[in-house]
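Structure record follows, encoded as structure tokens.
The structure presented is a predicted model; accordingly, all values stated were derived computationally and were not measured.
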Amino acid sequence: MKKWMWLAGLSLLLLCLWTVMEKGSGYFGKAYTNTQSFRYDFDRFTDGLLLFELAPPTSTVDQSVTSWELDQYRMDHTSLTDQIQMVRDQYADAISAAEEEGDSSLVAELEEQRGEEISAVRENFSNDEAAKKAIIEQREADYEESLRQLSEQQGQFEGQASGYVYQLRDLDSGEVFTKGTISDEPYFEQMYSAQEPLYFSNGYWSFDFPYDDANSTLADNRFSGVIQIPEKGVAGASVISGINQFRLLKFFLYFLLAAVAASAWWLFKKRPVQIAWYTGLTSYHNWRKLAVEWKLIGFIVSAAFALVAANHFAALLTRPWEGGSVSLPSVFIALALAVLFWALTILQAIWLWQHFGKWSCFKEEILQSFTASQVYSAKDAFLNRTIGFQMAWVLAVVFLWGAGTALMILQPVVVIVWLPATVLLGLPSLLFLMTRFGYLNRLLKGTEQLAAGSLGAELKVKGKSPLSRHA
């Protein structure tokens, strides 16, 4: 039991050290307003300030329609025949039901409505003005829907805006916008000037404004002035929540740093490790029978999982708590997995160190490994340099040919190079390879017949290659 406690303790110590190294730079010696989390919230606030208060979208929808938009509109609405048939299908069931009930007036009314819709469809295809009107109406409807969705998010902005005060001047009109009282010693302050003004910079996508022509609809106003949080105590709820979390995590990281130092002293001075704890395990003797490749792969995989788990644990600790994105069980599960993978990595490190001991032992096992034997066997391809270089050339051409084909799919312009290369290099190399393999197959078959005591068919000698000399 002692050995497992020591292993778990060392794993936890390394996990804490990793967390401090990974996240400490964002907390030690810094204030909450220096964090990326605060900058994200502040940028979102300024986006909302522009959208909802300083320069709300009030421009009218563009009334011009280009010829390509007309063509696109007609393509999107299928063919004239299909549209007319769709209108007829819409009314078919209702007219049939009215006829079965003997309601001639309803039948006449439905047929009249159907005729009007069919006439409108014909007009859209024959009359450019009617099509333009339909396009503009759809554009205005989309814009109104976008404004409606945007207004639904105003409550989110107002929640973020609480605690902020500002005094901003429109650089074009000179109009001044003021909220609250500017402080001489604020908790946070952001200044804007004519050289670096506050303006729309695509940040409005922080709020959902799904209008295709948003850039032409949003104002291009630029503002100078100041935005402040005058006192920490009057900041908005989201800022106060962020401050509290930042303080707690900063204290926690300092605590981890002290705990790492104390734990390291305790583990190595008061509870020194005994290697025999881990080399006496049955699993160690089974592990020693594995090929050296599997020993190294096991260590590398467990180390990779340990680093991933440690990063996940650190990320969970520093994730914003607001909105319930982090739960206590998920933190404990991440902690347990990280400790487990670190323990597996440390255990295998002890085994590797104990098993190989010296570099000469490791080198000897590497030279006797399956991978080394395959490398040595591969060298035999160059016992005859002519065959070796021909093989390397053909493999290189086939590889580049495949890579060029994949690149051509992504960038069709590459066909300008790919097609001549295929005709001049790829196909000839492939034909050469197939011819050589055919000649080799005939040579193998002839050799087999000779070994069986039969002369067989006479082998043709072509060229001066090593295969020809063997033939």
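Rounding to the nearest 0.5 Å gives a distance of 11.0 Å between CG of L198 and OG of S193. Separation of atoms OH (Y164) and CD (Q228) is listed at 12.0 Å; rounding is to 0.5 Å. Expressed to the nearest 0.5 Å, how far CZ of F252 lies from SG of C16 amounts to 6.5 Å. Distance CZ/R44 to CG/D41: 8.5 Å, rounded to 0.5 Å. Note that the CG atom of D47 and the CZ atom of F52 stand 10.0 Å from one another [nearest 0.5 Å]. With rounding to the nearest 0.5 Å, the separation of CG in L168 from CD in E175 is 11.5 Å.
Closest approach of R222 and P197 over heavy atoms only: CB-CB, 3.9 Å. In terms of heavy atoms, A310 sits closest to A338 at N-CB, 4.2 Å. Nearest approach of L316 to A334, heavy atoms of both residues: CD1-CB, 3.6 Å. Counting all heavy atoms, side chain and backbone alike, G174 lies closest to R169 at O-CG, 3.6 Å. The two residues A194 and L171 make their nearest non-hydrogen contact at CA-CD1, 3.8 Å. Heavy-atom minimum distance, Q348 versus F299: OE1-N, 3.1 Å.
Under the 4.5 Å side-chain criterion, counting only non-hydrogen atoms from C-beta, N221 is not in contact with L54. Within the 4.5 Å cutoff, no side-chain heavy atoms of L49 are placed close to those of F177. Here the side chains of L257 and L253 are not in contact, with every heavy-atom distance at 4.5 Å or above. At a threshold of 4.5 Å between non-hydrogen side-chain atoms, the residues E116 and E112 count as touching. Considering only heavy atoms from C-beta on, Y166 stays 4.5 Å or farther from T178 through its side chain. No side-chain heavy atom of P230 sits under 4.5 Å from any side-chain heavy atom of T181. Residues F305 and L344 have side chains not in contact (no heavy-atom distance under 4.5 Å, counting atoms from C-beta outward).
Ring geometry for W287 versus W351: interplanar angle of 30 to 60°, hence tilted.
Around OH of Y91, the count of heavy atoms belonging to other residues, nucleotides or ligands within 6.0 Å exceeds 12. Atom CE of M21 has 12 or fewer neighbouring heavy atoms from other residues, nucleotides or ligands inside a 6.0 Å radius. Taking a 6.0 Å sphere around CG of D89, one finds it holds more than 12 heavy atoms contributed by other residues, nucleotides or ligands.
Applying the ring-ring contact (aromatic ring centres under 6.0 Å, His included) test to Y254 and every residue at least two apart in sequence or in another chain returns F28. Among residues two or more places apart in sequence or in another chain, the side chain to side chain donor-acceptor pair (under 3.5 Å) test is passed with N34 by none. For N311, the side chain to side chain donor-acceptor pair (under 3.5 Å) test picks out W18, with sequence neighbours left out.
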request  = Take L12 and W342 through the side chain to side chain contact (heavy atoms under 4.5 Å, CB included) test and state the conclusion after the steps.
outcome  = CA-CA 8 Å; L12 187 59; W342 275 106; over 6 Å; no

key: Worked verdict on I182 versus V226 for side chain to side chain contact (heavy atoms under 4.5 Å, CB included)   = CA-CA 8 Å; I182 301 300; V226 61; 3.9 Å; yes

key: Step-by-step side chain to side chain contact (heavy atoms under 4.5 Å, CB included) determination, I346 to I350   = CA-CA 6 Å; I346 295 167; I350 293 173; 4.2 Å; yes

request  = Tell me, with the steps shown, if F38 and F246 meet ring-ring contact (aromatic ring centres under 6.0 Å, His included).
outcome  = CA-CA 10 Å; F38 174 77; F246 179 81; over 10 Å; no

query = Can R114 and E111 be said to form a side chain to side chain contact (heavy atoms under 4.5 Å, CB included), step by step?
reply = CA-CA 5 Å; R114 182 183 63 184; E111 288 178 343; 3.9 Å; yes

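Results of the side chain to side chain contact (heavy atoms under 4.5 Å, CB included) test with F313 over L335, V308, I333 single out L335 as the only residue that passes.
For the residue pair Q354/Y284, the side-chain donor-acceptor check at 3.5 Å is not satisfied.
A donor-acceptor contact shorter than 3.5 Å links the side chain of T345 to the backbone of S302.
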